[in-house]
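Notes to accompany the following structure.
By convention in this document, chain letters (A, B, ...) are assigned in the order of the sequence lines, proteins followed by strands, and residues within each chain are numbered from 1.
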2 protein chains.
Amino acid sequence: METAVEEKGVVECTAFNSTECRGAITGVRDALYVLNGKWKIPLIVALSEGPLRFKDIQRSLGDITPKILSKELKELELNEFVIRTVYSTTPVTVTYQLTPYSRSLDKVMKELKDWGIQHRQRIVASRKANSSN
Amino acid sequence: METAVEEKGVVECTAFNSTECRGAITGVRDALYVLNGKWKIPLIVALSEGPLRFKDIQRSLGDITPKILSKELKELELNEFVIRTVYSTTPVTVTYQLTPYSRSLDKVMKELKDWGIQHRQRIVASRKANSSN
DNA sequence: CGGTATCCTAATAGATACTG
DNA sequence: CAGTATCTATTAGGATACCG
């Protein structure tokens, strides 16, 4: 009965209040929550080239403040997308790198990206259509 | 050259500053933006069973205020997920229904849901593992 | 360098009341 | 019924300064 819902997809839920459907909504919301905000995606992309130090990430993203960067990295750590490593140099060196688990996002990200690109084109096209009326 | 990026997926971008990669980030962010917030997903699910009137949607979602519901529905309309129809009864009747285009979200939603469910289980499991240490 | 602490702004959501 | 208006609460995000 779980697989029934799995196969049907979220928008096919026939009973909004059913446990299965609420599970689906919760699933989608959990995923959105984890990826959300201004910095999560750029951060994952930046780290996808390899480990980076705190300051280097900051430079890479351009204008993120240390407070926000710190918060975002902690969240990514909690979700096990990122590992923080401390080296006992002087001064101390800290690097952040993506975990293998972060790759579990690949399919989600691809779908999001494809849909987003397609949607933007659609919106732009429909704006043009309207302005030429 | 666009397909090259398509196939590689977002986290494989090798040049953060490349046009292609920024396009991918923008794509993902556009998609997240459109689905985001507390109500978009529950709203789409609620309407997936068929057209509903304003008040019925409100009841269906439980505790959304008319102001927020109105705003959310307008955004869904702008993105062409929803069509608003006015019937000249007295008092006037208004229904909202999903468009065929809203189905273009099916794949994204399925990936989000699957990943979200899997991720929640993983987090819960790792909490248990930690508490039994 | 790798952060934290404090203060501040802007966007988002909600409560409540009201209108055509 | 189908909303809008007004006001308030919460949140995300940022500027700036400072610490080990």
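Along DNA chain C, read 5' to 3', the first and last nucleotides having any atom under 4.0 Å from a heavy atom of chain A are C/dC1 to C/dC7.
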For nucleotides 4-20 of chain D, 5' to 3', base contacts (B), sugar-phosphate-only contacts (S) and non-contacts (-) with protein non-hydrogen atoms under 4.0 Å give B-BB-----BBB-----

Result block: side-chain N/O donor-acceptor pairs under 3.5 angstrom for residues 62-70 of chain A, not counting sequence neighbours:
none

Show which side-chain atoms of residues 72-80 of chain A pair as donor or acceptor with protein atoms under 3.5 Å away, not counting sequence neighbours.
residue, atom, partner, partner atom, Å
A/E72, OE1, A/K40, NZ, 2.9
A/E75, OE1, A/K40, NZ, 2.6
A/N79, OD1, B/H119, NE2, 3.0
A/N79, ND2, A/E75, O, 3.2
A/E80, OE1, B/R122, NH2, 2.9

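Residues in residues 81-94 of chain B take part in no salt bridge (Lys or Arg N to Asp or Glu O under 4.0 Å) pair, two or more places apart or across chains.
Note on B/R59: every side-chain N or O is 4.0 Å or more away from OP1 and OP2 of D/dA2.
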Hey, mind stepping through B/D106 and B/K110 against salt bridge (charged side-chain N to carboxylate O under 4.0 Å, His left out) and telling me if it holds? CA-CA 6 Å; B/D106 286 4; B/K110 180 182 174 0; over 6 Å; no

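As rounded to whole Å, 14 Å separates atom P of D/dC1 from atom OH of B/Y96.
Shown here for B/L98 and B/S48, the closest heavy-atom pair between the two residues is CD1-CA, 3.6 Å.
At the heavy-atom level, A/Y87 lies nowhere under 4.0 Å from the strands shown.
Hydrophobic clustering (ILVMFWY, side-chain heavy atoms < 4.5 Å, transitive): B/V92 and B/L52 are in one cluster.
Atoms CG and CG, on B/L32 and B/L35 in that order, are 7.5 Å from each other to the nearest 0.5 Å.
Not a single side chain to side chain contact (heavy atoms under 4.5 Å, CB included) links A/S88 to another residue, sequence neighbours left out.
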